[in-house]
There are 2 protein chains.
Amino acid sequence: MSASKRDELVQNAMRAFYQGGFHAVGMDRLAKETGVSKTAIYKHFRTKDDLILAVLRLRDEQYRNWLVRRVEALASTPKDRLVAVFDALGEWFAEPSFKSCIFIKASSEFQERGNPIHASSAEHKHLLFKYFSRLTNGMGADDPEGLARQIQLLHEGAIVQAHLRDPRDVAQDAKAAAARLIHSAKVA
Amino acid sequence: MSASKRDELVQNAMRAFYQGGFHAVGMDRLAKETGVSKTAIYKHFRTKDDLILAVLRLRDEQYRNWLVRRVEALASTPKDRLVAVFDALGEWFAEPSFKSCIFIKASSEFQERGNPIHASSAEHKHLLFKYFSRLTNGMGADDPEGLARQIQLLHEGAIVQAHLRDPRDVAQDAKAAAARLIHSAKVA
DNA sequence: ATAAACATTAACCGATCGGTACATGTTCTT
DNA sequence: AAGAACATGTACCGATCGGTTAATGTTTAT
């Protein structure tokens, strides 16, 4: 199996797990939906959990790349970019295939503290925090880490809410709250 | 089976699903952990999904009752109570058995729009919104529904974060953000 | 052309899934 | 005390779970 074929498999597995859930989607169904036989899958991934970890690694890279690039395109100062995060979120929520965040889902299904899948999800959220932190540092906030954590609270809350109610206004609510927090933040 | 026995079953099922996940915990394991045989369970619940719905109904009542009473004990004005919500959350996060919110987990595992379990989770979050809304109305906020939605964003975000990182400071971060939003909210 | 190397498929493994049939208590009525 | 009504546990149902074995292409090197 070529490297690109493998990437394609992980990508298709991501779609299947994202739409159907990790426990709910079995390996047989996965083989059918990805067009790759179970044997071929197990040639490259020792266990289902390993495949899930590969899916999460890919999604981490995808999501953070997308967010950073989209935010860069929408605003040019760190302060404006922190607000623009929620415009980007709004675009994501509006996609018909939006079904919450795969890491929140993964941590819901694999919740034991030491589980690698849980840890991988936590790591993704930490990397996201570091991105927010870069921006709050860039705008010269007095307590950049604190503000970054607050921004992330709104980020995670918006995703959860967008999955449970009409997502149309969720991003705007979060954006308004973020703008308040950012503009009233003390600058060093 | 007496009514109290039934309640006890639902309560024990709640613990098992909460700790282990809905798909991951099967009916055999459930029977073992609750001490009630499968046959007896199926005497009172047509399907596993029906049992899950009963679990969610109980948890909805429990959580909202707990939150309202705890907040009432911590503060006496609507404005202070909105902030106190996050002190209550902090107490919850500090419990060793805390493992996120069962409704967020349920909506992660049953994510199809029309699924009754998903709908029940959404309904719980809507009832929670109505509680926040009562408080924002009580404090005379200019846009009470908008502020209530922002408070709920912090509420959901805090739960997700508390599940993925050290939960010690999460509630305080959310409380600080909520206080900012509440105190800078226009009053009609 | 041929054989080694690799990829794929189908069939199968024991375990567990949600759910049920049935035989055995146990309790209440008379 | 006898029998109806109900509750319970055991053993089982076909289907599916994650994962493997072994036989069958398909490619590549010589």
Side-chain angles (χ1 to χ4, degrees), chain A residues 1-56 102 105-106 108-112 114-118 120, chain B residues 1-56 102 105-106 108-112 114-118 120:
Chain A
M1 181 181 287
S2 68
S4 72
K5 263 281 180 192
R6 196 193 121 117
D7 289 352
E8 197 183 315
L9 162 63
V10 176
Q11 174 72 40
N12 286 334
M14 187 177 90
R15 269 191 52 256
F17 284 136
Y18 180 60
Q19 302 286 335
F22 294 99
H23 282 100
V25 173
M27 293 304 285
D28 290 276
R29 183 168 148 200
L30 207 62
K32 201 173 301 173
E33 290 195 17
T34 63
V36 179
S37 74
K38 269 210 292 183
T39 315
I41 295 176
Y42 276 101
K43 208 88 193 170
H44 294 274
F45 300 98
R46 259 187 57 259
T47 64
K48 184 186 185 183
D49 282 11
D50 278 1
L51 173 56
I52 292 173
L53 285 170
V55 163
L56 294 186
I102 202 170
K105 288 152 86 145
S108 289
E109 296 200 45
F110 305 88
Q111 50 193 330
E112 315 84 44
N115 186 299
I117 294 172
H118 188 95
S120 177
Chain B
M1 180 182 287
S2 68
S4 72
K5 263 281 179 191
R6 197 193 120 117
D7 289 351
E8 198 183 314
L9 163 63
V10 176
Q11 174 73 39
N12 287 334
M14 186 177 92
R15 268 191 53 257
F17 284 136
Y18 181 61
Q19 301 287 336
F22 294 100
H23 282 101
V25 173
M27 294 303 286
D28 290 277
R29 183 169 149 199
L30 207 62
K32 202 173 300 175
E33 290 195 17
T34 62
V36 180
S37 74
K38 270 210 290 182
T39 313
I41 295 176
Y42 276 100
K43 209 83 192 174
H44 294 275
F45 301 96
R46 260 187 56 259
T47 63
K48 185 186 185 183
D49 282 11
D50 278 1
L51 173 58
I52 292 174
L53 284 171
V55 164
L56 294 186
I102 202 170
K105 287 153 85 146
S108 289
E109 294 201 45
F110 305 89
Q111 49 193 330
E112 315 85 42
N115 187 298
I117 294 171
H118 189 93
S120 177

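Chain A is the first sequence line, chain B the second, and so forth, proteins listed ahead of strands; every chain is numbered from 1.
Contact annotation: A:Ser37 does not reach the phosphate of C:dT8 (side-chain N/O to OP1 or OP2, under 4.0 Å).
Every salt bridge (Lys or Arg N to Asp or Glu O under 4.0 Å) that A:Asp50 has, sequence neighbours left out, goes to A:Arg46. A search for side chain to side chain contact (heavy atoms under 4.5 Å, CB included) contacts involving A:Glu33 returns A:Ala16, A:Arg29, not counting sequence neighbours. With sequence neighbours left out, the salt bridge (Lys or Arg N to Asp or Glu O under 4.0 Å) criterion links B:Lys48 to no other residue. Remark: A:Asn115 pairs with A:Glu112 by the side-chain hydrogen bond (donor to acceptor under 3.5 Å, both in side chains) rule, at least two apart or across chains.
Between the CZ atom of A:Arg6 and the P atom of C:dC6 there is a distance of 17 Å, rounded to whole Å. The separation between B:Lys32 atom NZ and C:dA15 atom P is 13 Å, rounded to whole Å. Distance, B:Leu9 CG to D:dA7 P: 14 Å, rounded to whole Å. In this structure, B:His44 atom NE2 and C:dT20 atom C1' are separated by 16 Å, rounded to whole Å.
In this structure, B:Lys105 satisfies the cation-pi test against B:Tyr18, with its NZ or CZ atom closer than 6.0 Å to the six-membered ring centre and inside 45 degrees of the ring normal.
A salt bridge (charged side-chain N to carboxylate O under 4.0 Å, His left out) check over residues 10-25 of chain B, counting only residues at least two apart or in different chains, returns nothing.
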B/S/- along nucleotides 17-24 of chain D (protein heavy atoms under 4.0 Å) is SBBBB---
